[in-house]
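Below is one structure, written out as structure tokens; the observations come after it.
Only this structure's heavy atoms are used, side chains among them; waters, hydrogens and symmetry mates stay out.
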Amino acid sequence: MIERPSKRETVVAALSAVAAVAGSYVATGWSPSFVVAPVDQTIVNLTPGAIVTFMIENVGEAGHYIHIAMALGTVVAVFGLVSFAGLGLGRRLDQPLAGAVSGGVVWLLAVVLVGQPVSALAAAVPMAVFTVVGGFQTDAGTVDPGRRQTLGTLAAAFGFVGGATIAGRLLHRSGPLGAAPNAEGATARLNEADANELQLASTALPGLVSDIDGFYNVDIAEFDPEVTADEWSLTVTGNVGDERTLTYDELVDQPVENRFVTLRCVGEDLNGKKLDTAVWTGTPLRPFLEAADPQGECDCAMLHGEDGYSVQFPVDVLASGFLAWGMNGKELPTGHGHPVRVLIPGHWGETNVKWLDEIELLNTEADGYWEQRGWEGTGEVKTVAKLWDEGITKLDDGRIELAGHAYAGTRGISRVEVSTDGGSSWTDADLSRPLPDEDVWRQWRYTFDPDGSHDVVVRATDGDGNLQIEEETSPSPDGAAGWVERTVG
């Protein structure tokens, strides 16, 4: 008669798997080398576009936690089965030490996943240790000692995981950002944005330049590529007469500009907060493209990022782009594309590829990452005026102040209007002076004497005279539109 595995073995296998994942985290931190990262990327790549859109529109930021949980669960389940098999082998051979083979199997799996034999040991060793120790415990001669030993394993596993989490965070903390090369002019531009003649006086209005830490950040996956400046290069491929490769040192030696640029996420809600502005240090893209000597009918180009992301652009639009290596005078954070990203004036934030490493010139159009998932892909931003919670303030004199930002890409903002009666009548809001670059937001401010509850509506007019679209639409497939409405009072 074959002996059936005990519940204790199931618990030990689960604990061994969790310990293996924790060991990997100690060695690699929250990086692409973490054993969970490639599984998460695979889940992201295989998720159908309809599900991606549903998650963006209905779940939002929490969607990232869901696919991370799926990736963690998948790795723990697979590692758990390996440990379970190791325990079973030890039981059948009456030799718990045989369970150490599970560590070898996990090492092979980790090497396949991340391609790093040394860091894979950090997952393999805890797997072997906990499986072997658990095998001795499940072989206990009496029930009570076996229980006590299992509880000891449980406590040890929780202690190991807790310690590993703390150690991983301490060992892999990001240090302070260094100054971006040749970014001396960024300080002057930041001071320019803080000048009184540009900022509107308001008790709660966010500034014209966003802090790096508070700048919204959206990626297709949870684990950002880690590319050093020494490793980075950008190559122009495809229909070119001379395939060109640019290194980081060559890039930062180009003519330097410090530009105000606003980015807005195509997947945000109408009144969402994925809208920010920074001073970006970089150089124009056009000279680099022209040096590659495009051949034939090169009407479009595919931009590729180190993370596998891609976006197609018409070449004439792409030529107005900007290769950025600095943000508010500092080097780009990893989450914003360190060491280099591209900025395309007036286009949705998702088209400004991070970790840019290739520009492929094409003679026929092709679908980029989001187009393959049912979104429009490349496109100009829609006009919007925002009214966030922090922009609604009751002043000491009893009036209510409304304040926010408006943005229309390179078209600029010429007017913001506010209605306090649900759209029956409109009054112009005060506008900040525009920042001295083309792709920027503006602040607006309006005060009124409340009389009970008010249905407040906000709308903007762009620099071409076009009124913000009234009808509210969802983010898919080409960005949210509509007038922002709030009940105030």
Considering only NZ, NE, NH1 and NH2 on the basic side and carboxylate oxygens on the acidic side, decide whether [X] and [Y] come within less than 4.0 Å.
{"X": "Asp478", "Y": "Lys382", "value": "yes"}
{"X": "Asp437", "Y": "Arg189", "value": "yes"}
{"X": "Lys386", "Y": "Glu268", "value": "yes"}
{"X": "Asp439", "Y": "Arg259", "value": "no"}
{"X": "Glu417", "Y": "Arg415", "value": "yes"}
{"X": "Arg445", "Y": "Glu401", "value": "yes"}
{"X": "Lys274", "Y": "Glu350", "value": "no"}
{"X": "Glu306", "Y": "Lys354", "value": "no"}

Give, for atom [atom1] of [X] and atom [atom2] of [Y], the distance between the pair rounded to the nearest 0.5 Å.
{"X": "Leu402", "Y": "His454", "atom1": "CG", "atom2": "NE2", "value": "10.0 Å"}
{"X": "Trp232", "Y": "Asp357", "atom1": "CH2", "atom2": "CG", "value": "9.0 Å"}
{"X": "His405", "Y": "Trp444", "atom1": "NE2", "atom2": "CH2", "value": "11.0 Å"}
{"X": "Leu263", "Y": "Tyr407", "atom1": "CG", "atom2": "OH", "value": "6.5 Å"}
{"X": "Leu356", "Y": "Leu323", "atom1": "CG", "atom2": "CG", "value": "6.5 Å"}

Between the side chain of [X] and the main-chain N/O of [Y], is any donor-acceptor distance below 3.5 Å?
{"X": "Asp462", "Y": "Gly465", "value": "yes"}
{"X": "Glu360", "Y": "His304", "value": "no"}
{"X": "Gln468", "Y": "Gly482", "value": "yes"}
{"X": "Asn239", "Y": "Pro294", "value": "no"}
{"X": "Asp40", "Y": "Val36", "value": "no"}
{"X": "Trp107", "Y": "Pro117", "value": "yes"}
{"X": "Ser419", "Y": "Ser425", "value": "yes"}

Check: [X] ring centroid to [Y] ring centroid under 6.0 Å:
{"X": "Tyr446", "Y": "Trp426", "answer": "no"}
{"X": "Trp30", "Y": "Phe223", "answer": "yes"}
{"X": "His336", "Y": "Phe215", "answer": "yes"}

Ser233 side chain to Thr247 side chain, donor-acceptor N/O pair below 3.5 angstrom
no

Side chains of [X] and [Y]: closer than 4.5 Å at any heavy-atom pair?
{"X": "Val227", "Y": "His338", "result": "no"}
{"X": "Trp483", "Y": "Leu467", "result": "yes"}
{"X": "Glu365", "Y": "Gln312", "result": "yes"}
{"X": "Glu222", "Y": "His67", "result": "yes"}
{"X": "Leu270", "Y": "Glu472", "result": "yes"}
{"X": "Val315", "Y": "Asp299", "result": "no"}
{"X": "Tyr248", "Y": "Glu231", "result": "no"}
{"X": "Trp325", "Y": "Val252", "result": "yes"}

Hey, is CD on Glu243 packed in by over 12 heavy atoms from elsewhere, all under 6.0 Å?
yes

Mark yes when over 12 heavy atoms from residues, nucleotides or ligands other than Asn466 sit less than 6.0 Å from its CG; otherwise mark no.
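Atom CG in Asn466 is packed in, count exceeds 12.
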
Closest approach of [X] to [Y] (non-hydrogen atoms, all atoms of both residues):
{"X": "Arg341", "Y": "Leu343", "result": "NE-CD2, 3.9 Å"}
{"X": "Pro38", "Y": "Pro32", "result": "CD-O, 4.2 Å"}
{"X": "Leu361", "Y": "Ala301", "result": "CD2-CB, 3.7 Å"}
{"X": "Trp348", "Y": "Val266", "result": "CE3-CA, 3.4 Å"}
{"X": "Ala17", "Y": "Phe79", "result": "CB-CB, 3.6 Å"}
{"X": "Ser33", "Y": "Ser24", "result": "O-OG, 4.4 Å"}

Cation-pi geometry met for Arg286 and Phe288 (6.0 Å, 45°):
no

Run the side chain to side chain contact (heavy atoms under 4.5 Å, CB included) test on Thr235 and Ile359 for me, step by step, so that the C-alpha distance in whole Å, both residues' side-chain angles and the decisive distance to 0.1 Å come before the verdict.
CA-CA 6 Å; Thr235 304; Ile359 299 175; over 6 Å; no

Quick one: which of Val256, Leu251, Asn182 gives a side-chain contact (heavy atoms from CB on, under 4.5 Å) with Thr283?
Leu251

Please assess Leu208 against Ser432 for the test side chain to side chain contact (heavy atoms under 4.5 Å, CB included), listing each intermediate value before the final yes or no.
CA-CA 9 Å; Leu208 284 171; Ser432 65; 4.2 Å; yes

Please step through side-chain hydrogen bond (donor to acceptor under 3.5 Å, both in side chains) for the pair Thr262 and Trp441, ending with a clear verdict.
CA-CA 6 Å; Thr262 299; Trp441 61 7; 4.5 Å; no

Anything under 30° is parallel, anything over 60° is perpendicular, the rest tilted; go ahead and classify His347 against Phe313.
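Perpendicular, since the angle between the ring planes exceeds 60°.
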
By ring-ring contact (aromatic ring centres under 6.0 Å, His included) - contacts of Trp375 (at least two apart)
Trp370

What do the steps show when you test Ile413 against Thr383 for side chain to side chain contact (heavy atoms under 4.5 Å, CB included), and what is the final call?
CA-CA 8 Å; Ile413 293 292; Thr383 302; 4.1 Å; yes

For a side-chain hydrogen bond (donor to acceptor under 3.5 Å, both in side chains) check, start with the C-alpha distance between Asn258 and Thr281, then their side-chain angles and the critical distance, and finish with the verdict.
CA-CA 4 Å; Asn258 292 283; Thr281 300; 2.5 Å; yes

Can you check side chain to side chain contact (heavy atoms under 4.5 Å, CB included) on Ile392 and Leu387, steps first, answer last?
CA-CA 8 Å; Ile392 304 172; Leu387 178 56; 3.9 Å; yes

